[in-house]
Number of protein chains: 2
Amino acid sequence: MAIVDDMVCFSLYSASRATTRAYTELLAPWQLTYTQYLVLVSLWTEGDKPVREIGEMLQLDSGTLSPLLRRLEQKGFIERRRDGQDSRVVNVSLTPAGTSLRKDLAHIPAQIACGTGLPDMESAKALLATLHRITTSMQGIPAPEQPSRK
Amino acid sequence: MAIVDDMVCFSLYSASRATTRAYTELLAPWQLTYTQYLVLVSLWTEGDKPVREIGEMLQLDSGTLSPLLRRLEQKGFIERRRDGQDSRVVNVSLTPAGTSLRKDLAHIPAQIACGTGLPDMESAKALLATLHRITTSMQGIPAPEQPSRK
DNA sequence: AATATTTAAGTTGTGCACAATTGAATTGTG
DNA sequence: CACAATTCAATTGTGCACAACTTAAATATT
C-alpha cells in the first residue's frame with residue numbers, strides 16, 4: 001500500500017471482510033449469511049415491511065434482495081406476499097420460525113462486540129460517527145465531471 | 001439496527017461498500033475493479049511477485065485471485081509466468097501498459113482522500129489504528145467451542 | 001379516457017469472496 | 001530411494017453487490 005488514502009480504504013475493506021467472516025462463523029450452525037442476518041435484524045426490530053423498505057435500510061437493491069429473500073423463504077424464516085392495495089409491493093413477514101430465531105441468535109452481538117476489540121462504548125460511538133461520515137461523504141464522489149481518459 | 005455492536009459492524013460494511021463504489025466510479029474509464037486496482041497498487045509499490053505473496057498482502061486466496069489475475073492479464077496490464085525454479089509458483093509481473101497505468105491513476109488517491117471526509121492526517125491515523133485492531137481482533141472469533149445448535 | 005411517466009420487484013450477467021476440492025510439484029522422512 | 005505430507009495455483013460451486021434491463025402496476029398528464 002503506497003499512500004495513506006489507499007491504506008484507509010484497504011483497512012476499511014479488510015476490517016469489513018474480517019467482520020463478515022466472524023459473523024459467517026457464528027451464523028454457520030443456522031446456515032445464514034451476514035446479509036441474511038441483517039435482513040432478519042431489521043425485521044425483528046422494526047417488524048414486517050415491504051422489500052423496498054428493507055432495501056432502503058440496508059442500501060441494497062432488488063438484484064441483491066430478491067434472491068436473498070427467496071433463500072430466506074426457502075429456509076422457512078420469512079414469507080413474501082403481494083400487497084392487496086398495491087400489487088407491485090411485496091410484503092415480507094417473519095414466520096414463527098423466523099421470529100423465534102431471534103432468541104437463538106441473541107448471543108451473537110456480545111461475541112461480535114468482544115471481537116471488535118473496542119475498549120468501551122465511547123470509542124464505539126466515535127468509530128460509528130467516523131464511519132457514518134465516510135459513508136455519506138463517499139456518496140459525493142460519483143463523477144462530478146468527465147474524467148480525462150488520458 | 002438494534003444494538004450498537006450490530007451497528008458498528010453494519011457501519012463498517014456500509015462504509016466499505018460506499019468506498020468501493022467510489023473507486024468503481026473513478027476506475028470506470030479503465031474498466032478496473034477495486035480489487036484489481038489493489039493488485040496493481042501492490043505490484044507498483046513492491047514490484048513483481050508470485051500469486052501467493054499477492055494473496056498474503058491482500059488476504060485473498062487463489063479462488064479469488066486466479067480469475068482476477070486472468071482478467072488483468074487479458075486487459076494487458078500483467079503477465080503470469082511459471083517460475084523456473086519452482087514450477088508450482090506463478091510469478092506475476094507488470095507489463096509496460098500496467099506500469100504506465102500508475103501515472104494515469106495517480107489522481108485517484110487524492111479524490112478518495114477527499115471522499116473520506118476525514119479532516120486531517122491525525123484522524124486518518126487514528127481510524128487506521130482502530131480498523132487494524134478490529135481486523136486482527138476479529139480473526140480471533142472463529143469458533144473456540146462448538147456452538148449449541150439449540 | 002388514453003397515454004405517458006413513475007414505481008416495485010424480478011431477472012440476467014459480471015466480478016468478487018470464500019469454502020472445498022483437485023492436480024501437480026516440492027519437501028520431508030524413514 | 002520411496003512415499004507421505006505439504007505447498008501452490010487453479011477449478012467448482014454458492015452467495016452476495018451491483019449495473020442494466022424487463023414486466024407489471026399505479027399514478028400523472030393531457
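Proteins come first, then strands; the chains are lettered A, B, ... in the order of their sequence lines, and each starts at number 1.
- For A:S66, taking side-chain heavy atoms from C-beta onward, the closest of the listed nucleotides D:dA9, C:dA9, D:dA25 is C:dA9.
- If you measure from atom CD of A:E53 to atom P of C:dA8, you get 10 Å, rounded to the nearest angstrom.
- With the nearest nucleotide of DNA chain C identified for both A:S62 and A:T24, A:S62 has the one nearer the 5' end.
- For B:Q31, the side-chain contact (heavy atoms from CB on, under 4.5 Å) partners two or more places apart in sequence, or in a different chain, are B:K75.
- Side-chain N/O atoms of A:Y13 include one lying less than 4.0 angstrom from OP1 or OP2 on C:dA17.
- Counting only distance, with no hydrogens or angles, the side chain of B:W44 and the backbone of B:G98 share a donor-acceptor pair below 3.5 Å.
- If you check every strand for non-hydrogen atoms under 4.0 Å, A:P67 touches nothing.
- The side chain of B:T35 contributes an N or O atom lying less than 4.0 Å from OP1 or OP2 of C:dA17.
- Side-chain proximity of A:R88 to C:dA24, C:dT6, D:dA17: nearest is C:dT6.
- Under the 30°/60° scheme for interplanar angles, the aromatic rings of A:Y13 and A:F10 are found to be tilted.
- Pairing of C:dG28, defined by two Watson-Crick or G-U wobble distances under 3.5 Å, is identified with D:dC3.
- Within the 4.0 Å cut-off from OP1 or OP2 of D:dA9, not a single side-chain nitrogen or oxygen of B:R70 is found.
- Distances from the side chain of A:R17 to the nucleotides D:dC16, C:dA17, D:dA26 place C:dA17 closest.
- For the pair A:Q85 CD and D:dA26 C1', the interatomic distance rounds to 13 Å; values are reported in whole Å.
- Across C:dA17, D:dC16, D:dC18, the shortest atom-to-atom separation from the side chain of B:R21 is found for D:dC18.
- Of the listed nucleotides (C:dA9, D:dA9, D:dC16), D:dC16 has the atom at the smallest distance from the side chain of A:Q36.
- Ion pairing between B:K49 and B:E46 holds under the 4.0 Å rule for side-chain N and carboxylate O.
- Closest-nucleotide positions on DNA chain C for A:V89 and B:D61 were compared, and the one nearer the 5' end corresponds to A:V89.
- Remark: A:E25 does not engage A:R21 in a salt bridge, criterion side-chain N to carboxylate O under 4.0 Å.
- Taking atom CD1 of residue A:I54 and atom P of nucleotide D:dC16, one finds them 13 Å apart after rounding to whole Å.
- Nearest to the side chain of A:D86, among D:dA10, D:dA26, C:dA9, sits D:dA26.
- Rounded to whole angstrom, the span from the NZ atom of B:K75 across to the C1' atom of C:dT14 amounts to 10 Å.
- If you check C:dG10, D:dA9, D:dA25 against the side chain of A:R82, the one that comes closest is C:dG10.
- Nucleic acid contact for B:Q31: none, since no nucleic acid atom lies under 4.0 Å from a heavy atom of the residue.
- Annotation: of the two residues near DNA chain D, A:T33 and B:L65, the 5′-most nearest-nucleotide partner is B:L65.
- Per the geometry, OH belonging to A:Y37 stands 16 Å off P belonging to D:dC16, to the nearest Å.
- Rounding to whole angstrom units, NZ of residue B:K49 and C1' of D:dC8 are separated by 17 Å.
- Distances shorter than 4.0 Å separate none of the side-chain N or O atoms of B:T20 from OP1 or OP2 on D:dA17.
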